[in-house]
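In the text below, chain A, chain B and the rest are named by the order of the sequence lines, each starting its count at 1. All heavy atoms count here, side chains included; hydrogens, waters and symmetry mates do not.
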There are 2 protein chains.
Amino acid sequence: MTHNNPPFPSADHDHKNCVSHALKNAEAYCQQQGLRLTKLRHQVLELIWANHQPVGAYELLDQLTHEGRKAAPPTVYRALDFLMENGLVHRISSRNAYVGCSNAGHEHTAQFLICESCGQVAELDNAQIGSVIAKGANQLGFTVAQWTLEISGTCDQCKHRSQDE
Amino acid sequence: MTHNNPPFPSADHDHKNCVSHALKNAEAYCQQQGLRLTKLRHQVLELIWANHQPVGAYELLDQLTHEGRKAAPPTVYRALDFLMENGLVHRISSRNAYVGCSNAGHEHTAQFLICESCGQVAELDNAQIGSVIAKGANQLGFTVAQWTLEISGTCDQCKHRSQDE
DNA sequence: ACTGTAATGTTATATTGTAACATAATGCAG
DNA sequence: CTGCATTATGTTACAATATAACATTACAGT
């Protein structure tokens, strides 16, 4: 049911389509859950997807303003709060930046590959990682509420690109 | 060789000893690596361990000032940079806070259990997690440079404490 | 239409982190 | 030991990120 974005989409992928797909997913999800995906929230979510890599809150604020909306920091942060609470957006805390979640409605976990070269982020959904984490934590009597895994490095494309030089 | 802090040390553990142990480790490590653990850096590291849970940079700044040192933000941040570069301290990015690293000199990876109730943090060193991550990333052609795993939840002690109420 | 709730607007400010340049301490070659 | 290069620290100013608090508007259900 969820859109399956390839990790690190190639430069020539159908970006417009991929954004609108994500939005349709979000709309459907909110509908189904009785969540109010207001115009503002929709707009912010669209901007996040359109950037297609982690965006800062103040960058979103600028973009909102350019789209003609009157906005201040709380405008953006409140929209982000809503989107995060409902699993439509993740925060990459090592970068103070936000990305669209490719499988809305999932648990509150996230795994990111962050390419230091091109800045793109791919979201993983590796069940094995999840289960190993759960196991490790439980052994210590720790009850897991949520977690984030942020992996920095170099993506395949950038590796090849640098070899070409 | 490294001090093996139990995850989530009990309230009655020998705190003073545990701090001085960590400092001795750090001193030895720096000696051996030819790193300059200056007075300032030593002082900051000591404060971090003394807090024994994630501390913010400005909190450290306050504490430094109370110890009579003239300090401004860069004072702290530079010490933190040094300590992090050399694996003596980790940054918990989901909290903008810093903790002592229980096994200095390790790779640039970190796994934290963060108790939402008592605020304490335990550092894991689960090799299985590391290898699953490496494997998952490599499958996508991604070269891992470093990673952080931040797990929020409730520690064993807090779980029992809340049952007693 | 009326009303309570949820969402947004607005202003001000808190918190976290850096840039840039000046001064002081340290290690080392001669 | 002296001067020199390097590294560390002091100092001032500011950038970037995030929230508090209160006013206003929109909305859903009656």
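Residue Cys118(A) comes nearest to Gln53(A) through the heavy atom pair O-NE2, 3.9 Å, listed as atom of the first residue, atom of the second, then distance. Heavy-atom minimum distance, Gly141(A) versus Lys159(B): O-NZ, 2.6 Å.
Between the side chain of Asn126(B) and the backbone N or O of Gln128(B) there is at least one donor-acceptor pair closer than 3.5 Å.
The NE2 atom of His42(A) sits 17 Å away from the P atom of dA7(C) (whole-angstrom rounding). Regarding Leu37(A), its CG atom lies at a distance of 18 Å from the P atom of dA6(C), rounded to whole Å.
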(request) Sugar-phosphate means primed atoms, P, OP1 and OP2; the rest is base. With that split, encode nucleotides 3-20 of chain D 5' to 3' as B, S or - using protein heavy atoms under 4.0 Å. (result) ----SSBBBB----BBBB
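Within the 4.5 Å cutoff, no side-chain heavy atoms of Phe82(B) are placed close to those of Thr38(B). Contact check for Cys30(B) versus Leu88(B): side-chain heavy atoms found under the 4.5 Å cut-off.
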